[in-house]
Structures are given as C-alpha cells and as structure tokens.
S.K.: 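Please find one structure pasted underneath; my questions will follow.
In the text below, chain A, chain B and the rest are named by the order of the sequence lines, each starting its count at 1.
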Amino acid sequence: MTTGEFDQLYRELILDHYKNPRNHGLLDPADARAEGQNPLCGDEIAVTVRLGAGDVIEEVGFEGRGCAISQAATSMLSDLVKGRTAGEVALMPKEELLNELGIPLTPVRLKCAILGLGVLKLALHKAKGTPLPEEWGTAAKDLVLD
Amino acid sequence: MTTGEFDQLYRELILDHYKNPRNHGLLDPADARAEGQNPLCGDEIAVTVRLGAGDVIEEVGFEGRGCAISQAATSMLSDLVKGRTAGEVALMPKEELLNELGIPLTPVRLKCAILGLGVLKLALHKAKGTPLPEEWGTAAKDLVLD
Amino acid sequence: MAVTAQPALDAYRVRADFPIFEQTIHGKPLAFLDSAASSQKPRQMLEAMVRFYETSYANVHRGVYELAERATAGLENARERVATLLNAPAAREVVFVRNATEGINLVAYAWGLSNLGPGDVVVATELEHHSNFVPWQYVARRTGADFRVLPLDDSGELRLDALDALVGGGRVKVVAAGIVSNALGTVNPIETLARWAHEHGAIVVADAAQAAPHRTLDVQALGCDFLALSGHKMCGPSGIGVLWGRAELLEAMEPFLTGGHMIRSVGLERTTWGELPHKFEAGTAPMAEAVGLAAAIDYLEAIGFDAIERHEHELTAYALGRLSELPWVTTFGPPLERRAGIVSFDVDGVHPHDVAQVLDFEGVAIRAGHHCCQPLMRRLGVTATNRASFYVYTVREEIDRLVEGLYRVRKAFS
Amino acid sequence: MAVTAQPALDAYRVRADFPIFEQTIHGKPLAFLDSAASSQKPRQMLEAMVRFYETSYANVHRGVYELAERATAGLENARERVATLLNAPAAREVVFVRNATEGINLVAYAWGLSNLGPGDVVVATELEHHSNFVPWQYVARRTGADFRVLPLDDSGELRLDALDALVGGGRVKVVAAGIVSNALGTVNPIETLARWAHEHGAIVVADAAQAAPHRTLDVQALGCDFLALSGHKMCGPSGIGVLWGRAELLEAMEPFLTGGHMIRSVGLERTTWGELPHKFEAGTAPMAEAVGLAAAIDYLEAIGFDAIERHEHELTAYALGRLSELPWVTTFGPPLERRAGIVSFDVDGVHPHDVAQVLDFEGVAIRAGHHCCQPLMRRLGVTATNRASFYVYTVREEIDRLVEGLYRVRKAFS
Ligand SMILES: Cc1ncc(COP(=O)(O)O)c(C=O)c1O
Ligand SMILES: Cc1ncc(COP(=O)(O)O)c(C=O)c1O
C-alpha cells in the first residue's frame, strides 16, 4: 500500500474516534431513540438523545457494529450536534459531517459515513416530528415503523 | 438474386402446388377435422378428412392462409397420405414430407412446411385418438381444446 | 422544438460506424430494413461494453474495492444517463429490466395484483404490441378486473372518441398505450389519453419501445405514470430495458422480483424492502448492458434526436411515394404527418413470408408476420403484413432496392 | 468421476486469457479474490459476443431473412449447450432469464401462486442466499402458506435430521436449497434432500448459482425439479441466467412474464400460450448474452470441470492452512472435504469493511459484508464477514498476498 492512500482514509483523527468513541453507550432514559441498518453490509447503529429546553440536544449516546468510518463518523457527529436544536439537526446537510471527516470517500464508503446521521435524524423525527431528508422518499416510513 | 437460390426454394413443383393446390376446400361432412396456427407468423390451416374401412384415409380437404411453402406442403401432403391408415399417418415422420418437398429449409421455414402435417395429426388424434408427436408435450392439449 | 438546430443526419457517415454492413448477404450489400424489430449496433457501443469488461468489471454495490467501485459507477452513471434522456425528475425512478416487456409486466404484477379487483376496468388499445396487451389481459383475469380494448379507425388511429362509452360507468384504473405503433408507425396522442385517464383516476402505462429509439421523450410532458423501453432497439445491447415510474407510485408498490440486493433486511419472520431503485432490482444487474445502453444514448444524442426524426420522416415519405407507384401494393397506416419510420404493406396475392424470402435473396431484410399485434391484424383482416422500418443508418438506395425487389417478387409469383 | 482424466489446470496460462489482469490497481497487480460475487471474463467469451453483434445480429425467431436465421441459431445453440452442461433431458426445458434470482422468482410466481395455499409448508435453509429465501418467504405470505427455515449446525452444515420435526404434520410443497453456499462454501447434500422432499410430495428448487461455475452438474442425478444459475459467475456476460425445470412441471404451469413471443395466439377475449421454452420467454431474449454464455461454457469445458474443482480444492486447502497461522483470524464453515473454493473469515477487532479497504490498497480484492445471507450471519452471530473466493485464474501467490495484507490490517488497527 502506498502509505498515502491508507493515511488519507484512516487519518489519525478517524482512528482516534474509532478506537475511543465519544458518547458511547445508550442513554436511559432518553427523549429520542432510533436504530438503523446499512442494507449493503448489515451494519447497525442505535442512537439515543436527551433534549433540553427548546429541543436543544444536550446529550447523545450511541452504540453500533460497523467499520471504522461509520463508527468514527457517528462519534464525531455526536460531538458536533450537541447544543443544536432538533430542527437544525433535521436540516443539517450531510456535507457538513463529511467536511468534518475530511477524507475522500467512494460511494460505498459514503453510505458508511452517513449512517449515524440518518439514524439521528430518524430519532428526532420519531420523537419530535422533524422532517426527514426528502431523498429518502417513503422508504423512510419503513424505518420509522420498525 | 442468384436465380439458383430462388429456384432451389421455390422449385417448379412447389410453385405448381401453391398455384394449383390439390384437394383444396373443406369436406363436409368429414370424419376428422382440425385447425392450427403457426404462432410465429399467424398462418392458419384447416384440414378435413374422410376415412374408410380400417380408418384408411380416403379423402383430404384443406384450406388455409399462408406462404407458398406452407400451402404447397399441405397440398403435397394431402396427396401423399391418401390410402394410408390414420395410425400410419400419426407416426409419419416429418422427414418424409420434407423429402417430398425436396428443398433446403431454415428453421423458421421448417415451421411453415410442417404446419399442415401437424394439423392433420391433430385431426386424426381428435377423431380417432391416435398419438400426437411426443415433442409437442402437453402444449398439444391446448390445441386440442380449441 | 428547434427543428433546425441540428445538422442533417449523414446516413452514409453513420453507416460506417456499424460493422454489420461490412459483409454481403447472398452476395449483395445488406439493406437492413428491420430496425423496428431490433437495431444494429455501432462500434462505439460495443467498445464501451468490452472496455467495461476488460478494465472495470466486478459485481456492483456491495464491494469495497476499486473494481467494484468502478463497476457501480458504470451502472449508476447509466441510470443518470437514462433519467436525463427521459427528463425524469430523479434517477431513482429508473429501474433496469431485461426489456420493455419485463418493464410492463413489473407494473402489471407489482401494481396490478394489489390494486385491481372486480369492478375495475383496464384499457389497452387494439394497436398494442402483445407486450402491452397480454400482461393487462392476464392480470385482469387474475384479479377479476374487466379488460377492454380501445378500437381503431380505418387508418389505424386510436378512436379517442370511443373512450367514454368503452368504460361506461366502470372504474377505470389503467390505460395501457404505445407511443408509436411498431406495426403501422402510428404516433399516438399520449398526452390527450393521459389527461383523460387522470381525470378518471387511472394510471397510464406508456410503451415507448418504438418511440425511444427515434424521438425525444419527456415523461413529464407526456404525463404518463410508467414508461417502458428496450435497449436493443436503440443501438444498445440485448438484455437490457428500462422501466421508468413516478416515485410515489414505485414507493407505494409491492416489490416484484425478490432476493439479493433489493432488501433492507432479511429476517426469518419478516423482510423489509430496500430503497428505490434497488427495491425493484433483485439479483445481479445487467451491468455491462447498462454501460452499453448509456453509450448508445450518447451515440444517438450526438447525432441528435431531431435530426433522426427528420431523417426518418424523409425516408418514410420517399418510401410511401415509391410504393404508391406499385398498383399491386397496398400500404397500411396513418398519413405521413402522424407516422414514424415504419411502412407496413401487402403485395397482392403473395404471402409476406414469400415476399420477405425473395427480398432476402436480394440482401434486403424486412419483417413478415403479425409483428406481435394479432388484435391489429384481425382489425386489418390479414394474418400478416410486410414491414419495412428505417433508422439512422438507412439510405434511400435501400428503399430503391426494396422496390426493385418487389418487382421481382411480383414476377416470381404471378 | 474420472478425477485423473483431465490434465491439471495451469492457472498462469488461464490468466493470460483474462484482459482484466493487464492493469495494476493502486499500483499493484490485481489479486481478484471475489469470484463468488462475479467472475472475470475471458477474451474468448467477449470475442464471441462481439462477433455475434458484428456479423449475425437481428431479432430472433420471427425473421425470415438470413441475419434473423443466424441470430436464432445462435440463441438456440446456446440453449442446447446449456442443456448438455446440465445433462437436461431436453433443450426446451432450458429457459433463459436475467440471473439465478429471476429464475427462482419465476418458479415462486408461476408455480407458487397457483400451487400454494394455507396449510402448505415451504422450506428454505438458513444457509440460503436471499435469492432462494426471500422469494419463498414472499410467495408464502401472499398465498397463506407456512414458511419454515431448516437450521444449520455449528460448522454451517444443514441439519437434515431436523427436517421431519420442522414440517411436523404439515403438507410440505417446496424445498429450496443451494447446492453450494456462497458465504461458507458448504457443499450441500442435494440428492438426499431431494429424496426426502419427493417422499413428502414436495418439489426441490436447487440454487446452482455458486455450483455451476465450479463443478459438473447433472440435474437428473441431483434429482431436483428446478435449478437456477447465473452466467456472470461462470465467465459469461452479465444479463443472463438459466432456469432449468422438468418439462411436465413447466408445461403444467401458468406463464410468468407475458407479452410478445410467448403466445400461441392473442385474442381480445382469450390468449393461448406458446410451447416450451417460449412460454416463459416473453419479449426479446438476451441473445448476445446467450451466445456469450455458450462461449463461456465452451471455455470452461475445455479446461475441464474436474480440473477446475481440483485446482480450487488445492487453493482452498492452501488458504485454510495459511490463515490458520494467524491466531487473530477465525475462519467459518465446514471441513475442507465438503467445501468449495470459498473461505469466510473474521479478523479480531477489525470490521470487514476496513479489512477489505486496506487489502484493496494492496491490490487484493475480497468481499466484506453479509453476502446476501443475513439469516446465516445471525446464526454466526456477526453482521458481516470477510470472504475470499477462488476461480480458474487464481494462483497461490494471491493467497500469499492476502495473508501479507492481513498482517498490515492487523498492524494498522491495533
Ligand atoms: C448461492 C447464490 N445464489 C444466488 C445468487 C444470486 O445470483 P444473481 O445475483 O446472479 O441472481 C448468488 C450470487 O450472488 C449466489 O451466490
Ligand atoms: C411497440 C413495442 N412494444 C413492445 C415491444 C417489446 O419489446 P421487447 O421484446 O424488447 O420487450 C416491441 C418490440 O418488439 C415493440 O415494438
């Protein structure tokens, strides 16, 4: 391997979040919760959230089984969204998280990177009725019912 | 066109049977009758038969819409089978008719050439219970029911 | 449409892209006048497929490695390419199937089995290809719905005036209609039909198999709900077709084929379906074929669909003119203005098989048969017709050779 | 089987037939260890397809002219070729479909919808690929039949001893089982399963997608009633698969897809179906793909299936040996004697996606995921595994490179 390629994708910060995930473990009680799967590889992530006044996110807790990218991305996300309102997070573009990750992603690995964000949006939608991403179409209903 | 190719396929005898079909017109009354279609082109042939003692074919009458090959082949067939028993005709190999035609046939035109023979066998099957060609499988039932 | 924006099509130059013409048939150059059945293939399309196999092949979607990423990109770029061609609102509305027939069956099964029942009416036209006729007849029989056939007038055009009477008080749920007839070349007024259908709460399933190769299509302007086409008729490979459907409908539908790739999660008790378009693409996709189809669309768009339409229009006018010189030839179908590049005809007293056979000896390939339109054949009172059809590589000389050939046919059988 | 009759396979020579290996991936030669997902293509197969398109292309069956005759011969020769490969009693039992998934769905719909109902039992195995699992689960749900899953033992082999208890007093109608597992490489005892099924009056649907590329198949010796395979896994093109079925069953069945070509006659009121195999082949066939599949079969038979099986057996033994040197690697699946050329494994503490990604940087392509076998993954207690799979062009050095790569994976993530 050219060390470059490995280091680009698995840069130090990513490996650190993977090996030492922030906000790991599910919250109980929680104000919002959801689970999701990446149908391509079967990876799973569960997210719980505690909300304060004005639906501001105070705490996030997650667990999951998945690759370094999906786990590190969810860990970074959990720090990123604290202090934002549910409504803000519902509209958060995936590009913001991808910027934070700062690594080149192929379409397949992109799905890994945004799995946690999708599950978080789903949790907020179920608890607070915030909108789901339009591109999910009605397939999202399936997720909600689960 | 190389005259050769045309003359091989549409040799004089074929054109003669086509233009002056023998045994043309349906018999009424008849002891056996059937109709059939070539599903590839929609061509139709109807055959009627009069049988004598020992189920010997005494008369054949046919009508149809189709190409020179199918009409000429049925015309030649109608002469060929007179005097044979229903049982003999049921077992008559298509090669015998093809020999009589004596022309080179591609798979598609082969279907034209043997349409009349198939309908004749069907007529005898319906009237006398003679066996149908094995390679027809149960698809033949469909024909019989029509 | 800016009809003058594109330079005229130079069929001689186009022809040079098609290796099939580099041979003789029965010692004659090939005059291929059967493109409505399937088109010949340009080198550019074949090369795109072979390049894909030689440099970028792997199974798609699930692989993490480089080749799998390339293959997935090939398939998904093709989907985008088709979406643009059809002016579809989203690429996820584009489902890859084997051919137009499978696309229509997908709708008949996945939408029809769950949405049709006794008291519902399904309408197909008397002009339909069997592929947009039998699936509806079949699903109507399975569900107890009524199947009704919209009749034609004597020149082979849809009797839209008969629609209201046809459905009577019935609850019409589906209107199935082709955009261009493969047997007569009739160009149907789909927009009008779609307006009527939507007023009555029905969905419109447009068969674009014969339109997509030859003209600009816009699913939003047509107003249809589903549209099916085949790659092999538009310079693409065999083994691929497209079903386009409105996202809301596709999402609300049951799946059709089930199995690998189309699921979200499979449990012993319960399975949930994946997102569009995956929900409708069970098993390994026709990947190389999709890449070939995209290359074919690139090829056709580089020529320009307006130029193609004009070229075929000119050929059709020429062919109708030349055939009208022959008093023993009868042509079927609508006037030139509402006709695509297809001419169906009868030669007095000579069966189409024999016509086609004699023409083949001259190197001229036309189709003879019922063209998978038996209801139409009955309406015309024939079992078969001769059909000549034109495409980007067709030149006038080939029509002259057709006419010469017909003189020989006449002579041989009189 | 005369195992010594064929000369050993020279994988280096075979490799030279595959253009994909003429490139580097991330600067390294390509070690393609994902043939179970889809195989690479030999030049001979690609050339056969291109030659068909360039010299013999037209729509099949109905054309009277020379090119149509050639194209029809190409398709029908391919059918004969497949029939011989499978030792099928008749070529008309061979139906061309898009892939194994469609073949199985054809049976689930056309046989299942009419022959299953409440009180009937449908059995699939816990080892199945989703493609021979979900269609049965789905058709059972649609018809009210019971869907039951035959469990596995700890090494991933079918618990045949659990069969009787599984169906209890139920009327078992279908047993769906793969011949070779794509996830573990398990070779299943289909003959025994078929005997049991037939004693209980059930049909057996064998998924040969993972067997056909690697071993001699004989539908009569297997005793199955239907068998499905995919061309793309056996050096053939994408977009084609085969369903073989016993003629009596196929003839008694309803059709599946309806439309052009599969009919005998279409009326406004009533339509009758065509003969086998046409009844099941609506629309334009994947003609060039059939020609490619026939060339792929020629290619594989020239190497010899016994030689292929031995070659892959040796590679598998070598791979299992090398992986057993790594204490932080766990392999799944049955013992070598009952295993085809597939090795599924786990690397302690590293997710398969990351394993596959790091290996890709080394030019080594393996698959990471659930392999469309979520029921099996649950049984194994994982969400995904790493899978290396071998084929005619695989050489030992590639397995060495896999092992070296795994050391790097270990280092990077510890
Ligand atoms: C055992 C098995 N069955 C079925 C399939 C499905 O094959 P396809 O996707 O070609 O339909 C596969 C391949 O993925 C397989 O390995
Ligand atoms: C109008 C029309 N519809 C449908 C079809 C069916 O296309 P395919 O056989 O590719 O499914 C054809 C072509 O034969 C056609 O001309």
S.K.: Let me know if D/Val355 has heavy atoms under 4.5 Å from chain A in its side chain, its backbone, both or neither.
M.R.: neither
S.K.: Within residues 341-353 of chain D, which positions have a heavy-atom distance to chain A below 4.5 Å?
M.R.: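 Result: D/Gly349, D/Val350, D/His351, D/His353.
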S.K.: Is the number of heavy atoms from other residues, nucleotides or ligands under 6.0 Å of A/Glu95 CD greater than 12?
M.R.: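 Above 12, so yes.
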S.K.: For D/Asp154, does the CG atom have more than 12 heavy-atom neighbours from other residues, nucleotides or ligands under 6.0 Å away?
M.R.: no
S.K.: Is there a side-chain contact between A/Phe6 and D/Arg408 in this structure, where contact means two heavy atoms from C-beta onward sitting under 4.5 Å apart?
M.R.: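 They are not in contact (no side-chain heavy atoms under 4.5 Å apart), so the answer is no.
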S.K.: Which answer fits D/Ser414, side chain, backbone, both or neither, if we ask what part of it has an atom under 4.5 Å from a heavy atom of chain A?
M.R.: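 Backbone only.
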S.K.: To the nearest 0.5 Å, what is the distance between OH on A/Tyr18 and CG on D/Asp354?
M.R.: 5.5 Å
S.K.: So which residues of residues 48-71 of chain A are in contact with chain D at a heavy-atom cut-off of under 4.5 Å?
M.R.: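 At a heavy-atom separation under 4.5 Å, chain D is reached by A/Arg65, A/Gly66, A/Cys67, A/Ala68, A/Ile69.
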S.K.: I need the residue from A/Lys19, A/Arg109, A/Glu44 with the largest number of non-hydrogen atom pairs under 4.5 Å to chain D.
M.R.: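 Highest number of pairs under 4.5 Å: A/Arg109.
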